[in-house]
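Structure first, commentary second.
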Amino acid sequence: MMPKDDDRRSCPHLPELVSEGDIRKRVGDLAAAIARDHAGGEPLLIVAVMKGALVFLADLIRRLPMPLEIELVSARSYRGAHRQPQVEILDDVGSLQIAGRHVLLLDCVLDSGHTLTALREEITARGPAALKTCVLLSKVRPREVAIEPDYVGLEIPDVFVVGYGLDHGNRWRHLPYVAELPKACTSGEDGR
Ligand code: 5GP
Ligand code: MG
């Protein structure tokens, strides 16, 4: 759904929660840790969760020195700012060549834990040689399903965030920083 004109007027600028500089630093730290753990090994297969991890993926891979391949999957557990209890995996993970591969599952934000857990199970069922998980942002809140990612960029409060690939109603992904989306900017509508 297109944002209303009202939204554009009332939300011209969102204050930053995580700055561009902090994101850059932590993406560099994550890349260094991932490179250290995968030095001299098999090519890494990065499976990134679209569309939210789009910008994170683009920045991270340019900091990784080793051979790697990329696959994209789409999943969603939100409609707008409202949590959905179930994760929809929108691509057939079965079409990916996972067996025997060293896989890194990448998402932008960890919230309830459902998305990462569902995708981890889908990938595990396809027999990877190794599977690790990485999120740029982890919300400080109780998980609905227990999952501890192998790599975490930054912890953030339990608020709805946009920017750096994350959207509301497919808007705001282009912000170079992460911002909390004020309730007034969600207009209580389904954001997709
Ligand atoms: P979980 O399944 O852990 O509850 O949520 C992870 C997924 O929900 C992410 O892949 C992301 O698409 C979406 N999500 C979770 N929190 C936020 C948020 O604060 N902002 C946005 N834009 N998406 C979120
Ligand atoms: Mg979304």
Side-chain angles (χ1 to χ4, degrees), residues 1-3 7 11 13-20 22-23 26-27 30 46-60 70-91 93 103-124 131-192:
M1 174 186 290
M2 287 294 290
D7 287 353
C11 304
H13 174 82
L14 302 182
E16 67 181 33
L17 184 68
V18 186
S19 72
E20 215 178 328
D22 285 349
I23 294 171
R26 291 303 294 149
V27 170
L30 289 172
I46 299 183
V47 177
V49 184
M50 293 292 109
K51 301 171 190 166
L54 173 67
V55 180
F56 177 36
L57 173 71
D59 282 349
L60 182 75
I70 296 162
E71 294 289 358
L72 308 176
V73 293
S74 298
R76 70 170 162 228
S77 62
Y78 265 77
R79 297 188 76 81
H82 304 289
R83 288 184 178 123
Q84 265 186 297
Q86 290 206 328
V87 180
E88 258 182 282
I89 296 176
L90 305 170
D91 287 300
V93 179
V103 179
L104 180 67
L105 175 60
L106 199 74
D107 201 359
C108 194
V109 58
L110 180 68
D111 188 6
S112 69
H114 286 294
T115 304
L116 210 60
T117 301
L119 284 166
R120 187 178 63 175
E121 283 170 7
E122 290 272 343
I123 292 171
T124 301
L131 172 60
K132 290 195 171 174
T133 52
C134 175
V135 295
L136 178 66
L137 306 172
S138 172
K139 291 191 190 176
V140 178
R141 56 158 292 197
R143 304 279 173 244
E144 289 168 24
V145 283
I147 182 163
E148 290 292 331
D150 296 286
Y151 307 98
V152 175
L154 293 141
E155 293 195 329
I156 59 166
D158 185 14
V159 295
F160 192 82
V161 291
V162 294
Y164 198 72
L166 290 166
D167 75 309
H168 179 261
N170 221 7
R171 198 180 165 204
W172 307 109
R173 295 191 198 276
H174 62 104
L175 294 180
Y177 53 89
V178 172
E180 177 178 352
L181 189 68
K183 284 256 174 357
C185 300
T186 66
S187 45
E189 300 257 347
D190 182 325
R192 279 181 185 267

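Read the numbers this way: they start at 1 and go in the same order the structure lists the ligands and their atoms. As the structure is a prediction and not an experimental result, all values here were calculated from the model.
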Item checked: Verdict with supporting geometry, R143 and S138, side-chain hydrogen bond (donor to acceptor under 3.5 Å, both in side chains) -> CA-CA 10 Å; R143 304 279 173 244; S138 172; 2.7 Å; yes
Next item on the list: Might you work through the side-chain contact (heavy atoms from CB on, under 4.5 Å) test for D111 and R141, ending with a clear yes or no?
Entry: CA-CA 8 Å; D111 188 6; R141 56 158 292 197; 2.7 Å; yes
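Here is the list of ligand 1 atoms found below 4.0 Å of a heavy atom in D167: 21 (C), 22 (N). For ligand 1, the atoms closer than 4.0 angstrom to any heavy atom of V159 are 19 (O). Atoms of ligand 1 lying under 4.0 Å from any heavy atom of H114, numbered from 1 in the order shown and given with element: 2 (O), 3 (O). Counting the atoms of ligand 1 from 1 in the order shown, those under 4.0 Å from a heavy atom of S112 are 1 (P), 2 (O), 3 (O), 4 (O). For ligand 1, the atoms lying closer than 4.0 Å to a non-hydrogen atom of G113 are 1 (P), 3 (O), 4 (O).
Residue K139 touches ligand 1 through its side chain alone, judged by heavy-atom distances below 4.0 Å. The backbone and the side chain of V109 each have at least one atom closer than 4.0 Å to an atom of ligand 1 (non-hydrogen atoms only). Residue L181 does not touch ligand 1, judged by heavy-atom distances below 4.0 Å.
When the heavy atoms of L166, V161, D158 are ranked by distance to atom 20 (N) of ligand 1, first place goes to V161.
Assignment of K51 to the shell around ligand 1 is not supported, since no heavy atom sits closer than 4.0 Å. For D107, the closest heavy-atom approach to ligand 1 falls below 4.0 Å. For L137, the closest heavy-atom approach to ligand 1 does not fall below 4.0 Å. In this structure, G52 falls outside the shell of residues with a heavy atom less than 4.0 angstrom from ligand 1.
Relative orientation of the F56 and Y164 rings is tilted, given thresholds of 30° and 60° on the angle between their planes.
Between the R26 side chain and the V152 main chain, a donor and an acceptor come within less than 3.5 Å of each other.
The number of heavy atoms from other shown groups lying within 6.0 Å of NZ (K51) does not exceed 12.
Shown here for L119 and A75, the closest heavy-atom pair between the two residues is CD1-CB, 4.2 Å. Closest heavy-atom contact between L181 and W172: CD1-NE1, 3.7 Å. Nearest heavy-atom pair, Y177 versus E20, reported as atom, atom and distance to 0.1 Å: CB-N, 4.0 Å.
Counting heavy atoms from C-beta outward, V135 and V109 have side chains that stay 4.5 Å or more apart.
Polar contact check, H168 against ligand 1: no nitrogen or oxygen pair lies under 3.5 Å apart. No N or O atom of F160 sits closer than 3.5 Å to an N or O atom of ligand 1.
How far CZ of R173 is from CG of L166: 7.5 Å, rounded to the nearest 0.5 Å.
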